[in-house]
Amino acid sequence: MDETGFSLKDAKIAMIGLGLMGGSLALSLRHNCQRLSALDTNLSTLELARVQKIVDVADSDPDKVLADADLVILACPIPAIIEWINRLQDYIHHPCIVMDIGSTKRGIVKALETLPANFDPIGGHAICGREHLSLKNAEPALFHQAPFALTPLARTSSNARNAALQILEVLGANPLWCNANDHDRILANTSHMPYLLSSALALIPTEEAIPFIGSGFRSTARLAGTPSSMMLGVLLSNHDNILTALRQIQGQLSQLESALENDPTGLQAILDRAQDQYHTLMQ
């Protein structure tokens with residue numbers, strides 16, 4: 001793709017997906033580009049976007065949204081992102097940058113590789129979010145100071161890289177360049193595993209525990225409130241790394257179980273190591 005020198009303020013951007021992430025992106029970008037259009041299948045979401053003037057064009061018709069876009073941002077669940085990558089060439093025949101914000105990268109990057117030569121693709125993932133999804137929960141500050149992984153392809157031009165960085169500057173996010181394999185391996189431990197642990201924790205208490213639930217349980221089990229429809233595609237697309245992480249967690253839990261039953265001194269040593277590691281990771 002020709003490198004024409006991307007300028008965000010002059011760009012016509014099309015967003016596919018207006019949920020929490022896509023909506024928050026739209027709220028940040030709407031006054032920083034020439035035109036912002038959005039595609040979504042949910043009619044109430046489209047109506048909210050129109051009433052609140054979140055985008056210039058909100059429609060369920062791809063022809064009306066994608067026709068002359070300079071940059072397409074894929075902000076839908078992972079299976080839908082891959083489906084749209086396979087459909088973009090039906091609507092766009094001119095040079096166009098394509099960026100996704102999916103939570104796993106290997107399958108998406110593989111699909112982006114298959115795009116025709118008029119597309120300039122780059123992978124992305126904003127490492128932030130909330131358990132309450134949908135456009136009504138969107139907020140422009142969602143990305144502020146958040147890590148934002150960027151996973152360029154071998155074919156990604158400096159123009160697409162520059163476009164991504166201009167977007168991140170508006171969002172106030174911190175770019176983190178990495179490859180898709182490293183991204184998925186690391187996020188299995190820092191994002192996908194916490195969701196599974198929260199889900200497991202939420203399944204243990206019964207209703208009799210409700211009056212006793214405090215901030216510790218609420219904060220630890222919070223991610224279990226995320227709709228499974230959003231997380232299932234994430235888990236299945238990174239299942240090998242998540243299975244490895246699950247086995248590591250099971251090993252740690254076995255050590256804790258053994259120490260709790262037989263070795264109070266060893267238990268304290270494990271907890272002290274965990275505390276030290278926590279402070280190292282959070283610095």
What verdict does the side chain to side chain contact (heavy atoms under 4.5 Å, CB included) test give for Ile73 and Leu29, after you've listed the backbone C-alpha separation in whole Å, the side-chain angles of each residue and the deciding distance to 0.1 Å? CA-CA 11 Å; Ile73 300 176; Leu29 294 174; 4.0 Å; yes
For the residue pair [X] and [Y], what are the closest heavy atoms and their distance?
{"X": "Ala224", "Y": "Tyr195", "result": "CA-CE1, 4.4 Å"}
{"X": "Leu18", "Y": "Ala38", "result": "CD1-CB, 3.4 Å"}
{"X": "Ala163", "Y": "Leu71", "result": "CB-CD1, 4.0 Å"}
{"X": "Leu46", "Y": "Ser60", "result": "CD1-N, 3.7 Å"}
{"X": "Asn174", "Y": "Leu168", "result": "C-CD2, 4.4 Å"}
{"X": "Ala11", "Y": "Cys33", "result": "O-CB, 3.5 Å"}

Crowding at CG, Leu43 (>12 non-hydrogen neighbours, <6.0 Å):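 Not more than 12 within 6.0 Å, no.
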Counting neighbours of CD on Glu169 that are heavy atoms of other residues, nucleotides or ligands and sit closer than 6.0 Å, is the number greater than 12? no
Once rounded to the nearest 0.5 Å, what's the spacing between atom [atom1] of [X] and atom [atom2] of [Y]?
{"X": "Ile13", "Y": "Asn32", "atom1": "CD1", "atom2": "CG", "answer": "8.5 Å"}
{"X": "Asn238", "Y": "Leu243", "atom1": "CG", "atom2": "CG", "answer": "9.5 Å"}
{"X": "Asn42", "Y": "Leu135", "atom1": "CG", "atom2": "CG", "answer": "9.5 Å"}
{"X": "Ser103", "Y": "Ile108", "atom1": "OG", "atom2": "CD1", "answer": "8.0 Å"}
{"X": "Thr226", "Y": "Met231", "atom1": "OG1", "atom2": "CE", "answer": "6.5 Å"}
{"X": "Met193", "Y": "Thr244", "atom1": "CE", "atom2": "OG1", "answer": "9.0 Å"}

Starting from the C-alpha separation in whole Å, work towards a yes-or-no answer on side chain to side chain contact (heavy atoms under 4.5 Å, CB included) for Thr265 and Gln268. CA-CA 5 Å; Thr265 301; Gln268 182 173 3; 5.9 Å; no
Validation row: [X], [Y] side chains within 4.5 angstrom (heavy atoms):
{"X": "Lys136", "Y": "Leu20", "result": "no"}
{"X": "Leu171", "Y": "His144", "result": "no"}
{"X": "Asp100", "Y": "His125", "result": "no"}
{"X": "Arg161", "Y": "Pro152", "result": "yes"}
{"X": "Leu39", "Y": "Met15", "result": "no"}

Which donor-acceptor pairs under 3.5 Å do side chains of residues 247-257 form with protein atoms, sequence neighbours excluded?
{"unit_1": "Ser254", "atom_1": "OG", "unit_2": "Gln250", "atom_2": "O", "d": "3.0"}

Is there a donor-acceptor contact under 3.5 Å from the side chain of [X] to the main chain of [Y]?
{"X": "Ser28", "Y": "Pro140", "answer": "yes"}
{"X": "His94", "Y": "Ala69", "answer": "yes"}
{"X": "Asn159", "Y": "Gly5", "answer": "yes"}
{"X": "Gln166", "Y": "Leu8", "answer": "yes"}
{"X": "Ser191", "Y": "Leu187", "answer": "no"}
{"X": "Thr151", "Y": "Ala180", "answer": "no"}
{"X": "His239", "Y": "Leu236", "answer": "yes"}
{"X": "Asp120", "Y": "Cys96", "answer": "no"}

Ile54 vs Arg30, side chain to side chain contact (heavy atoms under 4.5 Å, CB included): CA-CA, chis, key distance, verdict: CA-CA 7 Å; Ile54 294 173; Arg30 60 179 173 177; 4.2 Å; yes
Say whether [X] and [Y] are linked into one hydrophobic cluster, either directly or through other cluster members, by side-chain heavy-atom distances under 4.5 angstrom.
{"X": "Leu201", "Y": "Leu197", "answer": "no"}
{"X": "Val51", "Y": "Val57", "answer": "no"}
{"X": "Leu133", "Y": "Leu27", "answer": "yes"}
{"X": "Leu176", "Y": "Ile186", "answer": "no"}
{"X": "Val170", "Y": "Ile122", "answer": "yes"}

Side chain to side chain donor-acceptor pair (under 3.5 Å) partners for Arg155, two or more places apart: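 For Arg155 there are no side chain to side chain donor-acceptor pair (under 3.5 Å) partners, ignoring immediate neighbours.
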Listed partners of Thr104 passing side chain to side chain donor-acceptor pair (under 3.5 Å), at least two apart: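 Per chain and number, Thr104 pairs via side chain to side chain donor-acceptor pair (under 3.5 Å) with Ser237.
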Are Thr45 and Asp40 close enough that a side-chain donor and a side-chain acceptor fall under 3.5 Å?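 Short answer, no.
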In terms of side-chain geometry, is the basic nitrogen of [X] or [Y] positioned less than 4.0 Å from the acidic oxygen of its partner?
{"X": "Arg50", "Y": "Glu47", "result": "yes"}
{"X": "Arg35", "Y": "Asp56", "result": "no"}
{"X": "Asp184", "Y": "Lys105", "result": "no"}
{"X": "Asp182", "Y": "Arg185", "result": "yes"}

Could you check Asp70 against Ile97 for side chain to side chain contact (heavy atoms under 4.5 Å, CB included), going step by step and ending with a plain yes or no? CA-CA 6 Å; Asp70 301 311; Ile97 297 169; over 6 Å; no
Classify the angle between the aromatic ring planes of Phe143 and Phe148 as parallel (below 30°), tilted (30 to 60°) or perpendicular (above 60°).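 Because their plane-to-plane angle lies in the 30° to 60° range, the rings of Phe143 and Phe148 count as tilted.
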By salt bridge (charged side-chain N to carboxylate O under 4.0 Å, His left out), which residues pair with Asp263, not counting sequence neighbours? none
Please list, chain by chain and in numerical order, all residues satisfying salt bridge (charged side-chain N to carboxylate O under 4.0 Å, His left out) with Asp10, sequence neighbours excluded. none
Could you list the donor-acceptor pairs under 3.5 angstrom formed by side chains in residues 74-93, with sequence neighbours left out?
{"unit_1": "Asn86", "atom_1": "ND2", "unit_2": "Ile82", "atom_2": "O", "d": "3.2"}
{"unit_1": "Arg87", "atom_1": "NH2", "unit_2": "Tyr91", "atom_2": "OH", "d": "3.0"}

